[in-house]
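Within every chain, numbering begins at 1; the chains are lettered A, B, ... in the order of the sequence lines, protein sequences first and strands thereafter.
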There are 2 protein chains.
Amino acid sequence: MTPQNIDYQRYLQELQQSPFLKDSSTKSLNRLLSQMTVEHWSAKSFKNSLEVASTFHFIVSGRLKVFKSNPDSGREHTVFVLSDGDVFDVLSLLDSEPHDVYWEALDVLEVLKIPMAQMRLWINEYPAMHKAILYYLGDRMRQLMDVATDVTLHSTLVRLAALLLKNINGETNKLQLINNLPNDEIAGLIGTTRSVVSRHIQELKRCGAISVSRKKINVKNLEVLLSIAEENYIP
Amino acid sequence: MTPQNIDYQRYLQELQQSPFLKDSSTKSLNRLLSQMTVEHWSAKSFKNSLEVASTFHFIVSGRLKVFKSNPDSGREHTVFVLSDGDVFDVLSLLDSEPHDVYWEALDVLEVLKIPMAQMRLWINEYPAMHKAILYYLGDRMRQLMDVATDVTLHSTLVRLAALLLKNINGETNKLQLINNLPNDEIAGLIGTTRSVVSRHIQELKRCGAISVSRKKINVKNLEVLLSIAEENYIP
DNA sequence: CCAGAACAGCCCCCTAGGTACCACTTCTAA
DNA sequence: TTAGAAGTGGTACCTAGGGGGCTGTTCTGG
């Protein structure tokens, strides 16, 4: 991509705001962007690990879920929801081992892509990047540990309440990152099924914690949600 | 520790065999070892994240489980079992954020320790280490993703069978890393409770997949275990 | 503007797996 | 050596939550 591109400045700005690239100089980011191309993924488009392995992606806008699935039962478990400023796949960047993960766009997705090999070269030119990557990975690992243990340590209701709390914008009290998701997707996020989520949403409505309109959850009472998430709620 | 130490050579050898340090020169490892001290943890001794945060540990012998727990219900979920050549805590090495994880020795544990700050200095002197760390982290992240999704995607029986298969020594057909563990600990590894494990062990005995003596499981029939782990077993 | 898809809200049923209790075995200290 | 404690394993009972289905409503694309 050349600086003549209409969206060039917007892309550059997005790169600068990314936690993954936050310590990089504008000059190095310009160099990076010059090697990238844009791609638009339609909502619900779907890739597996192999397709993604040889290209490094940077999300400009939209949301992407990273999940594993059991083809026999059809069940899915979402591990991450990535959005603006996130990158994938970090693991393919570190080594070339495959892993059976799937990616699916939750909205229309705008990504910048660059061949994996070129990305590796770019990183080696800027040793400061190693630290940034380690930091980014550390953050992801913490999240993963929580996902890994949540299912066994907490009930589905507690997990749902915790999910809502985790994704509330402190000022507006509105959901972010997981807003406008159908019950299906919420179920995947807490490792259960749609019907259970639906059932619990009714419970939360009943005790005044939330109100609901189609694909939209509004948090009404933080205290109640908190007490549920901390497991000292007697319904 | 000085080279005069009786166990010095043994420790050096262990360091060389570690996947974490495998690309380091003998010279650099000698420098590292000189700054380390030995410590012995008795079986079942117990540390939390805060105690471990400021010191970097390297396991010489013995096993250590890394787990999260829910104090209310008393349930635990083991995320990793570390042993010879493994190190902890890698996350505290990357940044100084706390994470609520616990460590507990499964056997008598022999560790080499070094202040975290010194370890960071050592790493910065050997830039090749960055790559090794990234690789090591990548490996751990893959494992974590599996742990995270296993619970929702597979039944407890399938997870138990998979656990056994994952830990069988190819030649001797004996369990390693998870041998001599009580049902309690096995339960923690697959995210369930002791009684469920006990029940499934009875099933596996009944269909000839394993035989059992106190704290010891012997794998008798790999095919049966495999078909269970792949979910095409009709009990 | 309409047909079909996507989505949420119930149901009911039913079993995987968690709780609780008991029984046996091994260890420890007197 | 022996009583108790601690560690370990087996099992009967019960419930959280998964499966499937059916309805009404809203959204989407032709």
Side-chain angles (χ1 to χ4, degrees), chain A residues 42-44 69-70 72-77 104 106-108 150-161 178-206 210-218 228 231 233-235, chain B residues 42-44 69-70 72-77 104 106-107 150-161 163 178-206 210-218 228 231 233-235:
Chain A
S42 60
K44 295 187 188 170
S69 102
N70 179 341
D72 292 331
S73 64
R75 285 192 58 185
E76 296 183 356
H77 193 159
E104 190 182 309
L106 290 172
D107 316 295
V108 175
D150 262 16
V151 180
T152 44
L153 300 183
H154 308 287
S155 73
T156 48
L157 181 60
V158 169
R159 278 180 273 148
L160 178 59
I178 59 160
N179 49 341
N180 305 326
L181 292 185
N183 293 0
D184 268 330
E185 295 296 343
I186 296 180
L189 281 165
I190 59 175
T192 182
T193 55
R194 195 198 57 82
S195 58
V196 177
V197 169
S198 170
R199 201 185 300 158
H200 286 321
I201 286 181
Q202 306 313 314
E203 287 184 60
L204 292 180
K205 273 203 300 196
R206 223 173 299 131
I210 61 173
S211 71
V212 177
S213 54
R214 181 163 241 246
K215 293 224 271 177
K216 186 143 188 244
I217 297 176
N218 306 298
I228 293 175
E231 334 216 15
Y233 168 80
I234 317 102
Chain B
S42 60
K44 295 188 187 170
S69 100
N70 179 341
D72 292 331
S73 65
R75 285 192 61 183
E76 296 183 357
H77 193 161
E104 190 181 311
L106 291 172
D107 316 295
D150 263 16
V151 180
T152 42
L153 300 184
H154 308 287
S155 73
T156 49
L157 180 61
V158 168
R159 278 181 272 149
L160 178 59
L163 177 74
I178 59 160
N179 49 341
N180 305 324
L181 291 185
N183 292 2
D184 268 333
E185 295 296 342
I186 296 180
L189 281 165
I190 59 175
T192 181
T193 54
R194 196 197 56 71
S195 60
V196 177
V197 169
S198 168
R199 200 184 302 154
H200 287 321
I201 286 182
Q202 307 311 315
E203 287 184 61
L204 292 180
K205 274 202 299 198
R206 223 173 297 132
I210 61 174
S211 72
V212 177
S213 55
R214 184 162 238 247
K215 291 222 274 178
K216 185 144 188 240
I217 296 176
N218 305 298
I228 294 174
E231 333 217 15
Y233 168 78
I234 318 102

From CZ of B:Arg214 across to P of C:dC27 the rounded distance in Å is 8 Å
Could you tell me whether B:Thr192 contacts a base, only the sugar-phosphate backbone, or nothing, with contacts defined as non-hydrogen atoms closer than 4.0 Å? sugar-phosphate
Which of these, B:Thr156, B:Thr152, B:Val151, B:Val158, sits in a side-chain contact (heavy atoms from CB on, under 4.5 Å) with B:His154? B:Val158
Between B:Gln202 (CD) and C:dA23 (P), how many Å, whole number? 17 Å
A:Ser155 near the nucleic acid: base, sugar-phosphate alone, or nothing, with a heavy-atom cut-off under 4.0 Å? sugar-phosphate
To the nearest angstrom, the CD-P distance between A:Glu231 and D:dA16 comes to 14 Å
B:His154 NE2 to D:dG18 P: how many Å, rounded? 15 Å
Please determine if a side-chain N or O atom of B:Asn183 lies less than 4.0 Å away from the OP1 or OP2 oxygen of D:dT8. no
With a 4.0 Å cut-off on heavy atoms, is B:Thr156 in touch with a base, just the backbone sugar-phosphate, or nothing at all? sugar-phosphate
Whole-Å distance separating the CG atom of A:Asn180 from the P atom of C:dA8: 11 Å
Might you work through the side-chain contact (heavy atoms from CB on, under 4.5 Å) test for B:Thr192 and B:His200, ending with a clear yes or no? CA-CA 11 Å; B:Thr192 181; B:His200 287 321; over 6 Å; no
Whole-Å distance separating the CD1 atom of A:Ile217 from the P atom of C:dC7: 14 Å
To the side chain of B:Val196, which of D:dG9, D:dT11, C:dG17 is closest? C:dG17
Could you tell me whether the phosphate oxygens of C:dG18, OP1 or OP2, come under 4.0 Å of any side-chain nitrogen or oxygen in B:Thr193? yes
Check against side-chain contact (heavy atoms from CB on, under 4.5 Å), A:Leu181 and A:Lys215: CA-CA 6 Å; A:Leu181 292 185; A:Lys215 293 224 271 177; over 6 Å; no
With a 4.0 Å cut-off on heavy atoms, is B:Lys205 in touch with a base, just the backbone sugar-phosphate, or nothing at all? sugar-phosphate
d(CG, B:Leu153; P, D:dG19) in whole Å: 11 Å
Is B:Arg199 side chain donor-acceptor paired with the C:dG17 base, going by distance under 3.5 Å alone? yes
By nearest-nucleotide position on DNA chain C, the 5'-leaning member of A:Ser198 and B:Arg75 is A:Ser198
Between the base of D:dG7 and the side chain of B:Arg194, is there any donor-acceptor pair under 3.5 Å? no
Is it the case that over 12 heavy atoms from other parts of the model lie below 6.0 angstrom from the NZ atom of A:Lys216? no
Quick one: is C:dA8 close enough that its OP1 or OP2 comes under 4.0 Å of any side-chain N or O from A:Lys215? no
To the nearest angstrom, how far is B:Asp72 atom CG from C:dT19 atom P? 12 Å
Looking only at the side chain of A:Ser195 (C-beta and beyond, no hydrogens), which of the listed nucleotides C:dC10, C:dT19, C:dG9 gets closest? C:dC10
Full working for side-chain contact (heavy atoms from CB on, under 4.5 Å) between B:Ile228 and B:Leu204: CA-CA 10 Å; B:Ile228 294 174; B:Leu204 292 180; 3.5 Å; yes
